[in-house]
Amino acid sequence: MFLSVKQARCSGALNQIMDMIQTILDYSAKSLVQELDFDELSKLIEPGLQVLLGKKKIRGDIEALFQLTYLERTEANWAFFHDRKFENYIDDGDYELHPCLAAAHEKSRPMEVLNRLCNDLYDSVKDGLPGREGGFSIALLQKEYEEQNGENGRVCPVCVKENLFGMGEGEVDHYFPRKQFPVLALHPYNLLPVCRDCNGPRRKHTKNPVAASDTGPGELCTVFLPYLRCGKDEIELAVSEDPSRHIVMKPGAKGDKNTEKRIANMERLYDLGRRWSAIFPYVYEDVRAELRQAGEWGKTRKDRCDRLRRIMEANADSTKNRRDFIKGVYCGWLLEKSDEELEEMFLDDTANPGPSA
């Protein structure tokens, strides 16, 4: 989302479950008079996943699928096929996801059935699939995500708060809410480990990442996307020049015509600017503490400022936790200041004490 991260290895198992759903839908739309034969259907499913057909809810969902008319089964099949490849169309100005509710909020029978099937399958496998090694579970996704991403795997990819996902901290978020976009309930590009602050009811929770004003053709162009398009690549972070010293986010050199809108959507979901800015008073004191620990400053202002700049440079690029990350942004901003400004901010005891909380 903000950081660039890699998928967990168990994402391959999610693709297999997605293939299973596609097989069920293809089977249901095979002919006008297609009747449900669980034995025949089971033969089309990978052996390791056949156990899911025996689960009461899943079986009921498949039976409900076959109670739809042929045209309705075809609609459900098309909706799944269309949405499951969304990662190929994130820059397509004509592409849009198929919402669970039809226009004017009228209920759509095919989408209701598809919603139940996809979400019941997710609920059936989120804690693990019995008798299957190397499968999928939320705990496994968190553990492998941390292993795959090194330093970035130990922080929330949205707000850079420290999280030990491999130890069960944080949550796995459906970036596009699974009730509204059922096809993505098990999609490997839609499941992202994040901290509880970012996924809680005060933040993203079940909000649609796409703003209401942006829904429709080209909607995916307006959002940063897990694993696919990260904010850090397109955003330039700076510090405001006013006394409040808050984070400023604006399109960077690698951004495009939609970056500003992506930033606005990210802020609507996560309120990062305010949350990050609240850390400034602490990182300022961290820098002052490092200066005190450095000992003798030298005889000239240039000696003192050179030492100060070396401390800034050492802190200017870190994502090991949120405080260090914001400290890096702050130090990067300070490095652009003149020696006179730095001396006034840090070496003059009568100077402004830094950003306020």
Side-chain angles (χ1 to χ4, degrees), residues 1-11 14 122 126-127 136-179 184-185 187-210 223-235 237 246-247 249 262-283 286 317-330 357:
M1 255 299 302
F2 179 76
L3 297 179
S4 176
V5 291
K6 302 174 184 176
Q7 291 181 320
R9 293 187 299 276
C10 64
S11 295
L14 289 173
Y122 172 80
K126 66 181 180 181
D127 295 324
F136 167 80
S137 70
I138 293 300
L140 182 61
L141 176 66
Q142 289 180 297
K143 177 176 179 292
E144 291 185 350
Y145 171 88
E146 183 174 312
E147 293 170 353
Q148 286 287 98
N149 286 289
E151 185 177 277
N152 283 358
R154 294 185 290 275
V155 297
C156 174
V158 178
C159 72
V160 202
K161 175 184 178 181
E162 51 271 35
N163 258 280
L164 297 177
F165 292 111
M167 300 297 290
E169 291 184 11
E171 301 175 352
V172 172
D173 174 41
H174 285 86
Y175 185 62
F176 289 97
R178 64 187 180 112
K179 298 296 184 181
L184 306 185
H187 202 294
Y189 285 105
N190 196 44
L191 293 169
L192 182 69
V194 297
C195 72
R196 290 186 173 90
D197 287 344
C198 284
N199 199 39
R202 294 178 58 200
R203 306 283 188 261
K204 178 182 174 294
H205 202 41
T206 58
K207 296 186 183 79
N208 185 348
V210 178
V223 290
F224 295 114
L225 294 158
Y227 312 107
L228 297 168
R229 178 161 48 222
C230 73
K232 194 169 186 289
D233 286 348
E234 299 184 25
I235 296 173
L237 294 174
H246 60 272
I247 283 282
M249 285 187 275
R262 292 172 193 143
I263 293 172
N265 269 320
M266 186 173 68
E267 281 295 270
R268 176 177 58 85
L269 296 178
Y270 301 110
D271 192 22
L272 293 181
R274 187 190 62 80
R275 293 164 67 196
W276 285 346
S277 297
I279 302 171
F280 270 132
Y282 305 104
V283 301
D286 285 350
D317 189 19
S318 173
T319 54
K320 70 179 183 180
N321 60 52
R322 184 164 59 191
R323 186 153 163 171
D324 273 15
F325 168 66
I326 300 304
K327 187 176 178 180
V329 174
Y330 187 49

Practice prompt. Please tell me if the side chains of V210 and F176 come closer than 4.5 Å, counting only heavy atoms from C-beta onward.
Written response: yes

Discussion item. Quick check on K232: does its NZ atom have over 12 non-hydrogen neighbours (other residues, nucleotides or ligands) under 6.0 Å away?
Written reply: no

Fill in: R262 and N265 side chains, donor-acceptor separation under 3.5 Å
no

Item to complete: Find out whether L3 and C230 are in side-chain contact, i.e. whether some heavy atom of one side chain is under 4.5 Å from a heavy atom of the other.
Response: no

Item to complete: Would you name the heavy atoms of G168 and R196 that are closest together and state the gap between them?
Response: O-NH2, 4.0 Å

Discussion item. Any non-hydrogen side-chain atom of R154 less than 4.5 Å from a side-chain atom of E146?
Written reply: yes

Worksheet item: Would you say the side chain of C10 lies within less than 4.5 Å of the side chain of P188, judging by non-hydrogen atoms?
Response: no

Fill in: ring pair (Phe, Tyr, Trp, His ring centres under 6.0 Å) assessment of Y122 paired with H174
CA-CA 11 Å; Y122 172 80; H174 285 86; 4.6 Å; yes

Item to complete: Taking the side chain as every heavy atom from C-beta outward, state whether D286 and Y330 have any pair of such atoms under 4.5 Å apart.
Response: no

Item to complete: Please check if atom NZ in K6 has more than 12 non-hydrogen atoms from other residues, nucleotides or ligands closer than 6.0 Å.
Response: no

Discussion item. Quick check: do Y175 and V223 have side-chain heavy atoms less than 4.5 Å from each other?
Written reply: yes

Discussion item. Quick one, F2 with F325, criterion ring pair (Phe, Tyr, Trp, His ring centres under 6.0 Å). Give me CA distance, side-chain angles, the key distance, then yes/no.
Written reply: CA-CA 12 Å; F2 179 76; F325 168 66; 5.6 Å; yes

Worksheet item: Are any of the side-chain heavy atoms of F136 and S11 separated by less than 4.5 Å?
Response: no

